[in-house]
Amino acid sequence: QVQLVESGGGLVQAGGSLRLSCAVSGRTFSNYRMGWFRQAPGKEREFVSTISWSGGSTYYADSVKGRFTTSRDNAKNTVYLQMNSLKPEDTAVYYCAARLNGASYYYSSEYPYWGQGTKVTVSS
């Protein structure tokens, strides 16, 4: 079993930054592709970013490209989401997710393991 715990959410003004962390335990972290998703009130959960097991490849949703950066530290079993130039439309609960490494990454159904989420609120 894999356990994921997110942290780092909070309230920030538009234009500000936050860094989310997701600590992973239970299995060999480096075997897993990690993803970030978010869910705004009244909306479906959506893909934000993903990073391969080695950190060598990352992909981002168009809505966050150029503003968000995902990285991982396999020695610390932690994945990060650095969020810059935040906008009110980034307000959501952010979730990290894990799946055994594979090529596909976009759909939430591809990830069997999820954290509890951390709330990000961006005020205008």
Side-chain angles (χ1 to χ4, degrees):
Q1 190 71 327
V2 178
Q3 292 83 40
L4 296 82
V5 179
E6 302 98 333
S7 61
L11 174 64
V12 64
Q13 288 189 330
S17 298
L18 281 175
R19 188 175 82 155
L20 306 183
S21 299
C22 175
V24 182
S25 61
R27 292 289 174 90
T28 304
F29 177 63
S30 58
N31 289 344
Y32 289 81
R33 170 179 289 280
M34 301 300 297
W36 287 97
F37 291 77
R38 67 185 181 186
Q39 188 165 17
K43 295 188 177 181
E44 293 190 354
R45 192 169 298 189
E46 65 175 4
F47 169 78
V48 174
S49 71
T50 186
I51 186 165
S52 63
W53 69 271
S54 66
S57 66
T58 55
Y59 299 95
Y60 299 91
D62 287 344
S63 59
V64 307
K65 203 172 293 183
R67 300 187 298 122
F68 290 12
T69 303
T70 190
S71 61
R72 65 191 294 161
D73 185 338
N74 285 348
K76 295 183 177 179
N77 288 3
T78 302
V79 63
Y80 304 97
L81 183 67
Q82 178 67 42
M83 306 185 295
N84 298 329
S85 302
L86 282 161
K87 305 174 181 180
E89 51 264 43
D90 294 318
T91 295
V93 177
Y94 283 71
Y95 299 89
C96 68
R99 58 157 291 172
L100 283 173
N101 200 45
S104 59
Y105 58 83
Y106 186 80
Y107 296 101
S108 60
S109 59
E110 294 169 324
Y111 296 78
Y113 305 108
W114 290 83
Q116 82 289 349
T118 186
K119 187 173 182 180
V120 172
T121 303
V122 184
S123 63
S124 57

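In what follows, residues are counted from 1 in the order of the sequence shown.
A pairwise comparison of heavy atoms in Thr70 and Thr50 identifies CG2-O, 3.7 Å as the closest pair. In plain terms, the two heavy atoms of Ala14 and Ser124 that are nearest each other are CB-CA, 4.3 Å.
Inter-residue side-chain proximity for Tyr60 and Thr69 is flagged as met; some heavy-atom pair is nearer than 4.5 Å. With contacts defined as side-chain heavy-atom distances shorter than 4.5 Å, the pair Glu6/Leu20 does not qualify.
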**Study point:** side-chain contact (heavy atoms from CB on, under 4.5 Å) evaluation trace for Trp36 with Ile51
**Key:** CA-CA 9 Å; Trp36 287 97; Ile51 186 165; over 6 Å; no
Exercise for review: List the steps, then state whether side-chain contact (heavy atoms from CB on, under 4.5 Å) holds for Met83 with Asp90.
Suggested key: CA-CA 9 Å; Met83 306 185 295; Asp90 294 318; over 6 Å; no
Exercise for review: Check the pair Glu110, Arg33 against side-chain contact (heavy atoms from CB on, under 4.5 Å), reporting the backbone distance first and the verdict last.
Suggested key: CA-CA 10 Å; Glu110 294 169 324; Arg33 170 179 289 280; over 6 Å; no
Practice item. Carefully, step by step, assess Ser63 and Arg38 under the rule side-chain contact (heavy atoms from CB on, under 4.5 Å). Key: CA-CA 12 Å; Ser63 59; Arg38 67 185 181 186; 3.4 Å; yes
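Judged by distance alone, the side chain of Arg99 and the main-chain N or O of Gly35 form no donor-acceptor pair under 3.5 Å. Remark: side-chain polar atoms of Ser30 are not paired, donor with acceptor, to backbone N or O of Asn74 under 3.5 angstrom. For the pair Thr91 (side chain) and Val122 (backbone), a donor-acceptor distance under 3.5 Å is present.
Here the CZ-NZ distance, from Phe29 to Lys76, works out to 12.0 Å after rounding to the nearest 0.5 Å. If you take CE on Met34 and OG on Ser71, they are separated by 11.5 Å, rounding to the nearest 0.5 Å. To the nearest 0.5 Å, the span separating OG on Ser49 from CD on Gln82 amounts to 12.0 Å.
Under the 4.5 Å side-chain heavy-atom criterion for Ile, Leu, Val, Met, Phe, Trp and Tyr, Tyr80 and Phe68 are members of distinct hydrophobic clusters. The hydrophobic cluster containing Val48 also contains Val12, counting ILVMFWY residues as joined when their side-chain heavy atoms lie under 4.5 angstrom apart, directly or transitively. Two different hydrophobic clusters hold Val2 and Val5 under the rule that ILVMFWY side chains link at heavy-atom gaps under 4.5 Å.
Salt bridge status for Asp62 with Lys65: present, with a side-chain N to carboxylate O gap under 4.0 Å.
Applying the ring-ring contact (aromatic ring centres under 6.0 Å, His included) test to every pair with at least one member in residues 93-118, sequence neighbours left out, gives these pairs: Phe37-Tyr111, Phe37-Trp114, Phe47-Tyr105, Phe47-Tyr106, Tyr59-Tyr105. The list of disulfide (SG to SG under 2.5 Å) pairs with a residue in residues 1-69, not counting sequence neighbours, reads Cys22-Cys96.
Partner of Leu18 under the side chain to side chain contact (heavy atoms under 4.5 Å, CB included) criterion, out of Leu86, Leu11, Asn84: Leu86 alone.
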